[in-house]
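Here is the structure we will look at.
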Amino acid sequence: MRVLVVEDEQLLADAVATGLRRQAMAVDVVYDGAAATERIDLNDYDVVVLDRDLPLLHGDDVCRYIVASGLPTRVLMLTASGDVSDRVEGLEIGADDYLPKPFAFTELIARVRALGRRATAPLPPVLERAGITLDPNRREVSRGGRAIQLAPKEFAVLEVLMRGEGAVVSAEQLLEKAWDENTDPFTNVVRVTVMTLRRKLGDPPVITTVPGAGYRI
């Protein structure tokens with residue numbers, strides 16, 4: 001899942017981004033509304049965590065921009081105000097969900113994951129393919145009943161491949177979904193991560209390399 005965090009309180013924004021990355025999400029961060037629309041034009045995001053009171057361009061206008069663009073991106077709006085009227089207004093603008101500050105981080109994660117499922121084609125909450133079971137919510141992976149411990153990026157890559165349902169997923173698509181925009185597009189990080197993932201998943205190999213195209217399960 002790729003997420004954009006838009007929050008002008010930099011410490012809060014960075015803390016949210018760090019926490020989401022620990023959940024195997026690819027996260028970009030900006031601190032004002034104008035920068036948010038620029039990123040939205042450049043990248044495909046599943047979810048935007050959007051503060052309402054932003055400099056340069058108000059969060060309401062960013063939300064309207066996303067809705068007007070016809071993107072499948074889901075919006076979780078944050079605000080310091082918990083008034084019912086504010087929540088209703090935010091939802092009427094086009095936000096998909098609304099979370100007042102201060103919030104419990106576990107709730108933020110649950111809401112982001114729920115919105116991410118709505119941003120893509122419906123799939124079972126627990127993914128199963130080629131004898132592998134992956135539970136995104138519990139961040140658990142097993143093969144043939146054997147639990148497998150994966151690093152966050154390995155988990156993210158496996159989830160993207162399994163959601164492909166047998167289709168070829170390019171290295172560029174894996175970079176887009178599992179890493180943030182600061183990753184060098186010419187790096188070999190995808191190849192190295194896939195190699196490590198294959199080793200941890202064991203034999204017989206389930207990740208196939210399609211020369212010149214990418215990978216699939």
Side-chain angles (χ1 to χ4, degrees), residues 1-7 12-30 36 39-40 43-52 59 62-63 66-67 71-79 82 87 90-91 93-129 132-143 147-165 167 169 173-181 183 193 197 217:
M1 187 187 306
R2 187 158 187 182
V3 179
L4 177 64
V5 175
V6 190
E7 167 64 64
L12 175 59
D14 294 342
V16 168
T18 297
L20 293 176
R21 287 173 185 140
R22 288 174 179 163
Q23 299 297 313
M25 301 182 196
V27 185
D28 298 330
V29 182
V30 293
R39 292 296 199 287
I40 291 164
N43 302 307
D44 294 327
Y45 294 105
D46 298 296
V47 179
V48 174
V49 179
L50 179 66
D51 183 42
R52 192 169 186 186
V62 175
C63 186
I66 294 171
V67 173
L71 299 170
T73 304
R74 302 298 181 178
V75 176
L76 172 59
M77 188 172 282
L78 305 178
T79 182
R87 293 200 297 271
L91 293 171
I93 289 169
D96 297 280
D97 201 356
Y98 201 95
L99 189 61
K101 302 176 184 177
F103 50 81
F105 192 72
T106 52
E107 182 179 6
L108 174 67
I109 292 172
R111 289 176 182 267
V112 169
R113 285 201 177 280
L115 290 178
R117 290 193 294 270
R118 290 166 56 187
T120 56
L123 283 173
V126 176
L127 307 178
E128 296 184 13
R129 187 169 185 82
I132 299 170
T133 300
L134 182 148
D135 187 332
N137 294 320
R138 292 188 173 89
R139 289 204 54 221
E140 294 176 349
V141 175
S142 63
R143 183 179 187 185
I148 300 171
Q149 300 298 319
L150 299 180
K153 292 304 180 190
E154 295 162 0
F155 187 96
V157 167
L158 180 61
E159 183 175 355
V160 174
L161 290 174
M162 291 185 70
R163 288 186 182 279
E165 297 189 297
V169 181
Q173 289 173 311
L174 288 173
L175 277 174
E176 172 75 24
K177 289 297 183 181
W179 280 268
D180 59 36
E181 63 183 2
T183 304
T193 302
L197 187 55
I217 294 179

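Keep in mind that this is a model prediction, so the values were computed, not measured.
Listed for the Glu159 side chain is no donor-acceptor partner under 3.5 Å among the backbone atoms of Leu134. The main-chain N or O of Tyr45 is found under 3.5 Å from a side-chain atom of Thr73 such that the two form a donor-acceptor pair.
Between Ala24 and Arg139, the shortest heavy-atom distance links the atoms CB-NE, 4.2 Å. Between Ile217 and Met162 the shortest heavy-atom distance is CD1-CG, 4.0 Å. Counting all heavy atoms, side chain and backbone alike, Ala17 lies closest to Val29 at CB-CG2, 3.4 Å. Considering every non-hydrogen atom in both Phe103 and Leu12, the closest pair reads CZ-CD1, 4.4 Å. Nearest heavy atoms, Val75 versus Cys63: CG1-SG, 4.2 Å.
Once rounded to the nearest 0.5 Å, the distance linking CD of Gln173 with CG of Leu175 reads 10.5 Å. The CD atom of Glu140 sits 10.5 Å away from the OG1 atom of Thr133 when rounded to the nearest 0.5 Å. A distance of 7.5 Å separates CG in Leu115 from CZ in Arg74, rounded to the nearest 0.5 Å. Going from atom CE of Met77 over to atom CD1 of Ile93 covers 5.5 Å, rounded to the nearest 0.5 Å. Atom CZ of Arg52 sits about 4.5 Å away from atom OH of Tyr98, to the nearest 0.5 Å.
Two residues are said to be in side-chain contact when any heavy atoms from C-beta on lie closer than 4.5 Å; Val62 and Val6 fail this criterion. Using a 4.5 Å heavy-atom threshold, the side chains of Asp51 and Lys101 count as touching. Using a 4.5 Å heavy-atom threshold, the side chains of Val3 and Met1 count as touching. Side-chain atoms of Val16 and Glu7, non-hydrogen and from C-beta on, never get closer than 4.5 Å to each other. At a threshold of 4.5 Å between non-hydrogen side-chain atoms, the residues Asn43 and Leu4 do not count as touching. In this structure the side chain of Val169 never reaches within 4.5 angstrom of the side chain of Arg163, judged on heavy atoms. For the pair Leu108/Leu76, a side-chain contact is recorded, criterion being any heavy-atom separation below 4.5 Å from C-beta on.
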Do any side-chain atoms of residues 147-157 form donor-acceptor pairs under 3.5 angstrom with protein atoms, and if so which ones, sequence neighbours left out?
from: Lys153; atom 1: NZ; to: Ala178; atom 2: O; distance (Å): 2.6
from: Glu154; atom 1: OE1; to: Ala151; atom 2: N; distance (Å): 2.9
from: Glu154; atom 1: OE1; to: Lys200; atom 2: NZ; distance (Å): 2.8

> Between Arg129 and Leu161, is a side chain to side chain contact (heavy atoms under 4.5 Å, CB included) present by the stated rule, with each step listed?
Replying inline: CA-CA 10 Å; Arg129 187 169 185 82; Leu161 290 174; over 6 Å; no
>> Test side chain to side chain contact (heavy atoms under 4.5 Å, CB included) on Leu20 and Ile109; report intermediate values, then the result.
In response: CA-CA 7 Å; Leu20 293 176; Ile109 292 172; 4.3 Å; yes
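Checked for salt-bridge contact, Arg111 and Asp97 meet the test: a charged N lies under 4.0 Å from a carboxylate O. Using a cut-off of 4.0 Å between Lys/Arg side-chain N and Asp/Glu carboxylate O, Asp28 and Arg2 are scored as salt-bridged.
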